[in-house]
There are 2 protein chains.
Amino acid sequence: MSAPEVEAKDRKILSLLAVDGRMSYTDLGKATELSTSAVHQRVKRLEQRGLIKGYGATVDHEQLGRPLTAFISVTPIDASQPDDYPERLQDIAEIESCWSVAGDESYILKIRVGTPGDLEELLGRIRSVANVSTRTTIVLSTPYENRPID
Amino acid sequence: MSAPEVEAKDRKILSLLAVDGRMSYTDLGKATELSTSAVHQRVKRLEQRGLIKGYGATVDHEQLGRPLTAFISVTPIDASQPDDYPERLQDIAEIESCWSVAGDESYILKIRVGTPGDLEELLGRIRSVANVSTRTTIVLSTPYENRPID
DNA sequence: AATGAAACAAAACTTCT
DNA sequence: AGAAGTTTTGTTTCATT
């Protein structure tokens with residue numbers, strides 16, 4: 001049982017919307033050789049099928065007071081504890097992403113803060129809500145991020 | 001010389017657009033107690049100032065044939081070589097993000113592929129274009145990713 | 001599924017305060 | 001900076017193929 005194939009024109013629409021989520025149906029139609037209403041139908045279908053999960057603006061965190069990005073690898077101290085870390089951590093606003101991973105650590109978190117002091121304070125909060133040890137890797141620069149694949 | 005402060009209403013607009021990048025100016029106006037044209041002006045200004053970097057659709061990579069996500073930490077083998085790895089790696093389509101980091105490794109890459117075989121092949125390509133050693137951490141699941149902060 | 005037309009809504013532009 | 005009004009553009013629905 002495999003997922004239904006995604007058609008070439010749908011893929012084209014997806015890759016255009018991945019780059020510009022506000023592109024008009026008219027322009028999508030021109031780019032795909034389809035009428036406005038045909039594109040409209042296809043986009044609605046892609047949304048319903050969950051192939052398009054949502055639309056978001058990308059903001060400049062540096063300018064918004066959170067210039068410091070880091071990865072925090074998280075390892076449970078007591079392996080017998082229930083593994084509900086994502087839930088426990090989800091109220092911490094500074095955590096942008098949370099991945100469950102295979103390897104030495106259980107989770108990798110990506111966080112954004114203003115200053116090293118904020119990071120120190122955040123690490124304390126993470127350790128206390130979750131009883132974990134942490135390993136932090138500071139991001140120096142971001143050559144690229146969240147590039148559309150395809 | 002510091003960046004000009006971002007006003008409360010602008011922050012509100014940004015956080016609404018971060019969640020729904022296709023929200024209409026009319027609805028943004030209702031949510032911020034501003035007229036449609038005032039919101040419009042503000043959004044254009046936020047775009048010009050670079051506070052909004054762009055708008056993108058989030059696609060479901062699992063359904064699109066790339067269910068396997070991994071982090072690849074990259075360490076140069078010959079430290080005397082020029083550090084132009086982001087450039088060398090940017091033509092590799094599977095690399096979604098590239099961060100330059102402080103710590104044991106020089107770069108962290110986030111990649112998406114279809115199968116373990118594709119990953120093996122990709123690792124070979126990365127090592128050959130860049131003369132680096134790699135450490136791979138497989139993502140098992142993604143509790144959340146790219147959450148809007150604020 | 002796609003099209004074209006029609007009705008509607010929103011965006012962009014202009015002017016005024 | 002913002003409001004109000006106008007024109008232009010885009011969205012959505014529907015009948016038809």
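Computed from heavy atoms alone, side chains included, the values below leave out hydrogens, waters and symmetry copies. Nothing here was measured: the structure is a model prediction, and the numbers come from that model. Letters go in sequence order (proteins before strands), and every chain restarts at 1.
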**Q** Salt bridge check: are B:K110 and B:E145 linked by an N-O gap of less than 4.0 Å?
**A**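 Salt bridge: yes.
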**Q** Have a look at A:V6 and tell me which of B:D60, B:V59, B:L64 forms a side-chain contact (heavy atoms from CB on, under 4.5 Å) with it.
**A** B:L64
**Q** Between B:I138 and B:V74, is there shared hydrophobic-cluster membership here, with clusters defined by ILVMFWY side-chain heavy atoms closer than 4.5 Å?
**A**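 In one cluster: yes.
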**Q** Charged N to carboxylate O under 4.0 angstrom, B:D150 versus A:R66?
**A**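 So B:D150 pairs with A:R66 through a salt bridge.
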**Q** Show each protein N/O and nucleotides 10-14 of chain D N/O combination with a separation under 3.5 Å, one pair to a line.
**A**
unit_1 : atom_1 : unit_2 : atom_2 : d
D:dT11 : OP2    : A:Y25  : N      : 2.7
D:dT12 : OP2    : A:H40  : NE2    : 3.0

**Q** Does B:E7 pair with B:R45 as a salt bridge, N-O distance under 4.0 Å?
**A** no
**Q** How many Å lie between CG on A:L28 and C1' on D:dT9, as a whole number?
**A**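 Computing the A:L28:CG to D:dT9:C1' distance gives 15 Å.
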**Q** Please work out if A:A38 contacts a base, only the sugar-phosphate, or nothing of the nucleic acid, heavy-atom cut-off 4.0 Å.
**A** base
**Q** What is the distance, rounded to the nearest whole Å, between atom CD of B:E33 and atom C1' of D:dA3?
**A** 15 Å
